[in-house]
Amino acid sequence: MPQVNYNGKTVSDENIKTVLGRIATRLGGDVSVTSGDRNYVPQGGSQTSLHIGKRAADFSVSGFSLGSAFAQLKAHEKEIFDNDKKYEVIHHGTHTATGGPHLHVGRFSEGVGVGWLVEGLEATGKGVYSAG
């Protein structure tokens with residue numbers, strides 16, 4: 001059974017932990033968390049990051065490229081994300097300004113829906129967030 005491996009990272013938000021579990025189950029691959037709660041802004045990061053608010057995690061899914069996992073998350077949005085909360089999902093590519101390629105999921109304190117973004121998929125997209 002697929003599981004979430006936190007790799008020593010802390011993810012305080014219970015809803016984000018639930019979403020990560022749903023991702024593992026729906027995609028059928030282990031979710032590996034590479035970053036969770038933060039009390040600092042890493043190079044290329046945002047001062048308003050949901051990581052600082054303890055409502056975000058960076059991750060990958062075993063058996064999937066980041067692009068393929070991102071596409072699967074979009075395809076299974078209704079099964080993975082709660083319809084009464086507001087999320088962002090970001091595919092940070094190989095040219096990311098944030099330290100390395102990964103997927104990001106965060107939960108806002110207000111609103112509903114899922115915002116899909118990409119950043120750094122091409123060299124010209126480094127630090128540029130666009131609809132994914």
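Computed from a predicted model, the values in this text were never measured in an experiment. Residues: numbered from 1 along the sequence shown.
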Subject >> Co-membership, hydrophobic cluster, residues V11 and I23, 4.5 Å side-chain >> reply: yes

**OP:** Tell me whether F70 is reachable from L117 by hopping between hydrophobic residues (I, L, V, M, F, W, Y) whose side-chain heavy atoms are closer than 4.5 Å.
**Re:** no

Original post:
For E122, does the CD atom sit with more than 12 other heavy atoms under 6.0 Å from it, leaving out its own atoms?
Top reply: no

Original post:
How far does NZ of K9 sit from OG of S35, to the nearest 0.5 angstrom?
Top reply: 6.5 Å

**OP:** Count the heavy atoms belonging to other residues, nucleotides or ligands that lie under 6.0 Å from NZ of K86, then report whether that count exceeds 12.
**Re:** yes

Original post:
Between the side chain of R38 and the main-chain N/O of I52, is any donor-acceptor distance below 3.5 Å?
Top reply: no

Original post:
Around K85, counting heavy atoms of other residues, nucleotides and ligands shown, do more than 12 lie under 6.0 Å from its NZ?
Top reply: yes

Original post:
So how far is it from Y87 OH to I80 CD1, rounded to the nearest 0.5 Å?
Top reply: 10.5 Å

Original post:
Could you give the distance from NE2 (H92) to CG (D58), rounded to the nearest 0.5 Å?
Top reply: 6.0 Å

Subject >> Nearest-0.5 Å distance, CG of residue L73 to NE2 of residue H91 >> reply: 10.5 Å

Subject >> side-chain hydrogen bond (donor to acceptor under 3.5 Å, both in side chains) between N7 and S32, intermediate numbers included >> reply: CA-CA 7 Å; N7 300 306; S32 180; 2.8 Å; yes

Subject >> Cluster overlap L50 with V114, hydrophobic side-chain contacts below 4.5 Å >> reply: no

**OP:** State the CG-CG distance between D30 and N5, to the nearest 0.5 angstrom.
**Re:** 5.0 Å

Original post:
Under 6.0 Å between ring centres, would you say that holds for H51 and H104?
Top reply: yes

Original post:
Within a strict 4.5 Å, meaning less than it, do heavy atoms of the R107 and D13 side chains meet?
Top reply: yes

Original post:
Counting only heavy atoms not in K17, do more than 12 sit closer than 6.0 Å to its NZ atom?
Top reply: yes

Original post:
Taking atom CG of D82 and atom CG of N15, what is their separation to the nearest 0.5 Å?
Top reply: 5.0 Å

**OP:** Starting from the C-alpha separation in whole Å, work towards a yes-or-no answer on side-chain hydrogen bond (donor to acceptor under 3.5 Å, both in side chains) for W116 and E88.
**Re:** CA-CA 6 Å; W116 300 94; E88 67 181 5; over 6 Å; no

Original post:
In terms of hydrophobic clusters joined by side-chain contacts under 4.5 Å, are F64 and L103 together?
Top reply: yes

**OP:** Taking all non-hydrogen atoms of both residues into account, name the closest pair between L20 and Y6 and its distance.
**Re:** CD1-CE2, 4.2 Å

Subject >> Test item: E119 side-chain N/O and A97 main-chain N/O as donor-acceptor pair under 3.5 Å >> reply: yes

Subject >> A24 versus V4, closest heavy-atom pair with distance >> reply: CB-CG2, 4.5 Å

Original post:
If you look at every heavy atom in V89 and F81, which pair is closest and at what distance?
Top reply: CG2-CZ, 3.6 Å

Subject >> Any donor-acceptor N/O pair, T25 side chain to G21 backbone, under 3.5 Å >> reply: yes

Original post:
Are L66 and I90 joined in one hydrophobic group, where the rule is that I, L, V, M, F, W and Y side chains link up if heavy atoms are under 4.5 Å apart?
Top reply: no

